[in-house]
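In what follows, chains are A, B, ... by sequence order, proteins preceding strands, each numbered from 1.
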Amino acid sequence: MVKRIEAAEGLELERLDSCRWRLPRQGRMQVDGLIFANDALIEDIRDTEAVRQVANVACLPGVVGRSIGMPDIHWGFGFPIGGVAAFDPDQGGVISPGGVGYDINCGVRLLRTPLQAEDLGAHLPRLMDRLFERIPAGMGRGYGDTLLRNRDMRRLLREGAAWAVEVGLGEPEDLARIEDRGCLPGADPEAVSDRAIQRGRDQVGTVGSGNHFIEIGCVDDVYDEAAARRLGLEAGTLTVMIHSGSRGLGHQVCDDFLVTMERITGRNGIELPDRQLACAPLSCSAARDYLGAMQAAANFAYVNRQAMTQQVRRVFAEVLGEEAHLELVYDVSHNIAKFERHRVDGEEREVCVHRKGATRAFPPGHPELPEDLRGLGQPVLLPGDMTRYSYVLLGTQGAYAETFGSCAHGAGRRLSRRQAKRAAEGRDLDAELAEAGIEVRASSRQTVAEELAEAYKDVSDVVDVVAHAGIGRRVARLRPLGVLKG
DNA sequence: ATGTAC
């Protein structure tokens, strides 16, 4: 007997197995929805706008396969955060800025040190102080008067991380460990507005606010010894995770193109269940312009994470000595649209995959992977909340077959920011975090309140689901020691 | 996520 449960108004979810729920095609939906969740997580998801958004995305022109929700899915602008959807250019498929998100190429990178966590000893507070001094964090924060020249901005937008390495903001070996080698080649700086460029000029190498962070941690548990060794992540290894995106520049690109796309949507007579799904057929010039600008903003985000990496390296060298050298394990994008080849309805096709709050998770052997990791599969990084865990996984054949080569991207919000702030009222958050053994540096109490552990689902539950569903393979768990927030 | 509305 098929188990059905009530979802958001007018929608029902049908249980497929212990970690999959089908949202059957109805109304203007052109394909089914598919949500990955276990019995506990689906209770947090089922009656939310996120389910409605999975259905809405399934209504867009040229959508193929299924509209997918990861176990960390929650409400977002137009498309859900934790959503994946692919569009076929030959079937009127579209690109939608809301399917990428305001923070274009928000993503995470993981660095490893040759040190063990115990080597850090009493240095952690000083390390955190230096990082906090050196790296601007918080809403609107940048390097102030230190502005890149417009000419450098245009090169950076076109060339991505390779530019960063050329100007001393990285090491040549870093490039192979960044998704796309840190550069989306179609980037078109001319499609990025002057205003967006101005907003980014002093923000290269900055954390931002919200869920962005720099975290010192260590490998707390290993599930696959061989894979962990290949990634340099043996138990006790001291690590650094950097989570940030394209800051004001990407935000402005999204704003600019939402205006354009709303006009295009009207002109093409595309009927949308939600205005926030504004989009344009992939064949039209506005879509090409958005893709060029989005790719440029993505390159900005890769450079941003790369520049912070170099700052972290300087601080580690100053505090712990030159031997504390940081190597890049991998850098993944969480918010991006890309053309990729996938098997759809029994046929290989080039489709535009939108991942919004989802990680690419290519399987072993995929030609896009760096040679030395190709046999392993793509590293997938899942940061959790500030006080619990983060995970390192690997992409799988299952993900390639079922989710356009995608996996979850984190814990996923459980409380809205407003609810989280309310929950934090009257509490001594610094004392609580100190009690939890986390050395926190933050520019705003409000950010810390919004980011409390209880505002998030338990990332371990998310990882259980993706591992059980076969769309990710567990390698290691990390534990936070120190966190720098906006 | 975001100079949370030029």
Side-chain angles (χ1 to χ4, degrees), chain A residues 49-50 53 72-83 96-108 136-148 192-204 206-214 242-259 262 275-276 278 290 293-294 296-298 300-302 304-305 308 332-337 354-359 383 385-386 409-413 415-422 442-451 455-456 484-486:
Chain A
E49 277 303 297
Q53 293 184 318
D72 51 340
I73 191 172
H74 54 111
W75 176 85
F77 182 92
F79 286 53
I81 296 162
S96 172
V100 172
Y102 269 94
D103 193 1
I104 295 166
N105 193 12
C106 180
V108 180
M139 167 74 75
R141 291 284 182 82
Y143 286 89
D145 292 341
T146 316
L147 299 176
L148 281 180
V192 179
S193 67
D194 289 340
R195 194 171 176 197
I197 289 176
Q198 291 315 313
R199 284 181 70 173
R201 277 178 73 197
D202 79 329
Q203 293 187 326
V204 174
T206 66
V207 177
S209 181
N211 60 359
H212 292 169
F213 62 77
I214 297 176
I242 298 174
H243 180 195
S244 187
S246 49
R247 309 290 330 290
L249 184 141
H251 189 277
Q252 189 63 47
V253 166
C254 184
D255 255 349
D256 292 342
F257 279 92
L258 279 168
V259 174
E262 278 214 18
R275 281 184 64 183
Q276 295 185 349
Y290 172 68
M294 179 208 73
F300 181 91
Y302 282 135
N304 185 30
R305 295 196 286 277
M308 278 188 277
V332 296
S333 173
H334 283 163
N335 283 7
I336 198 74
H354 291 54
R355 295 189 184 91
K356 180 184 188 183
T359 311
D385 61 74
M386 271 192 290
H409 87 307
R413 267 198 180 277
L415 302 181
S416 70
R417 293 181 186 205
R418 182 191 299 260
Q419 288 171 316
K421 270 183 281 191
R422 173 159 299 180
S443 60
S444 136
R445 184 195 187 272
Q446 180 176 304
T447 301
V448 176
E450 290 172 358
E451 292 293 310
Y456 284 91
L484 186 160
K485 295 287 294 181

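- When rounded to the nearest whole Å, the span between CZ of A/Phe300 and C1' of B/dT2 equals 13 Å.
- Using a 4.0 Å heavy-atom distance criterion, A/Gly245 is classed as making no nucleic acid contact.
- For A/Tyr456, there are no ring pair (Phe, Tyr, Trp, His ring centres under 6.0 Å) partners at least two apart in sequence or on another chain.
- A/Gly101 comes within 4.0 angstrom of no nucleic acid atom, judged by non-hydrogen atoms across all strands.
- Among the heavy atoms of the strands lying under 4.0 Å from A/Ser209 are primed sugar atoms or P, OP1, OP2 only; no base atom is included.
- Not counting sequence neighbours, the partners of A/Gln203 by the side chain to side chain contact (heavy atoms under 4.5 Å, CB included) test are A/Thr206, A/Arg247, A/Phe300.
- When heavy atoms are screened at a 4.0 angstrom cut-off, A/Gln203 is found touching the sugar-phosphate backbone but no base atom.
- To the nearest angstrom, P of B/dT2 lies 13 Å from CG of A/Asn105.
- In terms of heavy atoms, A/Pro97 sits closest to A/Leu258 at CB-CD2, 3.9 Å.
- For A/Gly107 against A/His243, the heavy-atom pair with the smallest separation is O-CD2, 3.2 Å.
- Regarding A/Arg195, its CZ atom lies at a distance of 10 Å from the C1' atom of B/dA5, rounded to whole Å.
- In this structure, the CG atom of A/Asp202 is 13 Å from the P atom of B/dT2, given to the nearest Å.
- What separates CZ of A/Arg417 from P of B/dT2 is a distance of 9 Å, to the nearest Å.
- As a whole-Å value, the separation of A/Asn304 CG from B/dT2 P is 10 Å.
- Spacing between atom CG of A/Asp255 and atom P of B/dT2 amounts to 13 Å, rounded to whole angstrom units.
- When the C1' atom of B/dA5 is taken as reference, atom CE of A/Met139 falls 13 Å away, rounded to whole Å.
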